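Some notes on the structure that comes next.
The shown structure was predicted, so the numbers you read here are calculated from the model rather than taken from an experiment. Chain letters run A, B, ... following the sequence lines, proteins first and then strands; every chain starts at 1.
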2 protein chains.
Amino acid sequence: MSDTSEKERPEKGQPRRRQARGERRIAQLLAAAAQVFCTTGYTAASTNAIAREAGVSPGTLYQFFPNKEAIAIELGERLVHEMREAYGEALAPVAPATPLEEAVGAAVDRFMAFNTEHPVFFALMHGPDMPGGITEAHDQLHATLVGRIEGLLASLMPGASPADVTRTAHVCLGIYKAGLELVLAHEGAERAAYVQEVKDVLVRYLGPLVGDRLGRT
Amino acid sequence: MSDTSEKERPEKGQPRRRQARGERRIAQLLAAAAQVFCTTGYTAASTNAIAREAGVSPGTLYQFFPNKEAIAIELGERLVHEMREAYGEALAPVAPATPLEEAVGAAVDRFMAFNTEHPVFFALMHGPDMPGGITEAHDQLHATLVGRIEGLLASLMPGASPADVTRTAHVCLGIYKAGLELVLAHEGAERAAYVQEVKDVLVRYLGPLVGDRLGRT
DNA sequence: GACAAACGCGAGTGGTCGCTCGCATTCTGG
DNA sequence: CCAGAATGCGAGCGACCACTCGCGTTTGTC
């Protein structure tokens, strides 16, 4: 019943005990993969290129990842884990008296900060060339985000049908993703201006829907 | 000096006289390529798969196209040609007294009709996995569209700086592309509802910018 | 009908890529 | 210090893919 004491995974056939060196190599390889995925996309990225970027041999790469897809999966999982922390704070606490502009502005700022800090995320989610496993994970995350937005909108749009709320949530996310693409394509002041545009689009889109509740006076 | 009489292209080394059969095969191959590109994307699409879809041999395909990229290029050029006709009418004539809602609604309807009729277009423009030549053509078209929208906005936003107009045009196009993705992902009534949402987003976004000029009373 | 050119085929070629294998090196527990 | 495991290597294997080549068939022209 009780294991020895160290980290063990009785569920998997091979627990694959790692040394500290191994964990370092994994982080190194994931960073290299992020770099390569960002510049060339997933399909065009070769495992040999990732290994070269990390400064190791192809064989070493396959010591830690069973195949190319697993690299992207693991990278995605770590990003989602990081994101859940940032987004839990970004979307969950919708104070009842918060003006719409503030709520949208804060959420957009948090999302934009995360995405500009981890451009791989956009590359992985946006590519239409992902194999099954990644698309699956992406859809799951997408559904989670839409659910969160639905939760916020439901309290703002009391008279709307569930289908309307869902549709509105999808539109909001679509607007954000389109804005993100524009934001990532610019730098400095221009980038900040585009961030403001995204906020404006969302506020003006949602303003009439939420009625007088949280809209502008 | 004088050529025989038939159609000849002195500019190119090989005029490559075509028979009617050849033109038919080209159309057939482009249709097959559109189908395959739509389902698998450009990079994942194999030339052998395109030839199989068209019911011909790989050798026959290469009788009419020098390489895989040329297929996408030619397909893109024909689509752009078709689009220019539809879009010339969709964007050019901005009647001075047209309400904003009508102008946006008409433009969105035309664009959506074209894109739902030719889903390949979205697949080719949206993929981040295209080789140089296609990206180049895409950027050119993108710039053309932005220029058109800028022209429309310039007359609606007299007080705005050129940079503001350009940014607004990019945002409009981004909104449209995001909406297109949502529209293509749904069918029937849901699709129509999303089309309406796109119009609403654009009208509410542009409304405050154009002032009292063409906005709602 | 005869000649040439366009068309059509499909096995084959060179190259790339994901991934493996055998072996050397480094770490860890006893 | 010494088995044994984890780590590291890089040449190489099999598969796939864009593309070619030689040869047979159809079509247009005189």
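- Within 4.0 Å (heavy atoms only), B:Ala45 reaches sugar-phosphate atoms of the nucleic acid but no base atom.
- A:Phe111 has its side chain out of reach of A:Leu173: every pair of non-hydrogen atoms, C-beta onward, lies at least 4.5 Å apart.
- Closest to the A:Ser46 side chain, of the nucleotides C:dC17, D:dG8, C:dC7, is C:dC17.
- Between the CD1 atom of A:Ile71 and the C1' atom of C:dC17 there is a distance of 13 Å, rounded to whole Å.
- The side chain of A:Ser57 approaches D:dG10 more closely than any other nucleotide in the set C:dC9, D:dG8, D:dG10.
- Remark on DNA chain D: of its neighbouring residues B:Ala44 and B:Ala20, the 5'-side contact belongs to B:Ala44, judged by nearest-heavy-atom nucleotide.
- Atom-to-atom distance recorded for A:Tyr176:OH and A:Leu202:CG is 10.5 Å, nearest 0.5 angstrom.
- Annotation: A:His126 is not in aromatic contact with A:His138 [ring centroid separation under 6.0 Å not met].
- Looking at the side chain of B:Lys68, the nearest of the listed nucleotides D:dA18, C:dG18, D:dT7 is D:dA18.
- For B:Tyr62, counting side-chain heavy atoms from C-beta on, the closest listed nucleotide (D:dG8, C:dA6, D:dA18) is D:dA18.
- Separating the CZ atom in B:Phe64 from the CZ atom in B:Arg25 is a distance of 7.5 Å, to the nearest 0.5 Å.
- For the pair B:Thr60 and C:dC9, the criterion of a side-chain N or O lying under 4.0 Å from OP1 or OP2 is met.
- The side chain of A:Pro58 lies closest to C:dT20, out of D:dT7, C:dT20, D:dT27.
- In terms of phosphate contacts, A:Arg21 brings no side-chain nitrogen or oxygen within less than 4.0 Å of OP1 or OP2 of C:dT28.
- At least one side-chain nitrogen or oxygen of A:Thr47 sits closer than 4.0 Å to the OP1 or OP2 atom of C:dG18.
- Rounded to whole angstrom, the span from the CD atom of B:Gln63 across to the P atom of D:dG24 amounts to 17 Å.
- At whole-Å resolution of the value, CZ in A:Arg52 and C1' in C:dT16 are 12 Å apart.
- A:Gln19 has its CD atom 8 Å from the C1' atom of C:dT26, to the nearest Å.
- Of the candidate nucleotides C:dC9, C:dT20, D:dC19, C:dC9 has the atom nearest to the side chain of B:Val56.
- Contact between the side-chain N/O atoms of A:Arg17 and the OP1/OP2 oxygens of D:dA5 is not found at any separation under 4.0 Å.
- Rounded to an integer number of Å, the gap from CG of A:Leu61 to C1' of D:dG10 is 13 Å.
- Between A:Arg25 atom CZ and C:dT25 atom C1' the separation is 13 Å, expressed in whole Å.
- Atoms CZ (B:Arg24) and P (C:dG8) sit 9 Å apart, rounded to a whole Å.
- Atom CD1 of A:Ile26 is separated from atom P of D:dT7 by 8 Å (rounded to the nearest Å).
- Using a 4.0 Å heavy-atom distance criterion, A:Gly59 is classed as a base contact.
- Nucleic acid contact class of A:Asn48 (heavy atoms, under 4.0 Å, all strands): base.
- Taking the six-membered ring for Trp and thresholds of 30 and 60 degrees, A:Phe121 and A:Phe114 have ring planes more than 60 degrees apart, a perpendicular arrangement.
- For the OP1/OP2 pair of D:dT7 and a distance below 4.0 Å, the side-chain nitrogens and oxygens of A:Arg18 include at least one atom meeting the criterion.
- Between the side chains of A:Glu197 and B:Tyr205, at least one donor N or O sits under 3.5 Å from an acceptor N or O.
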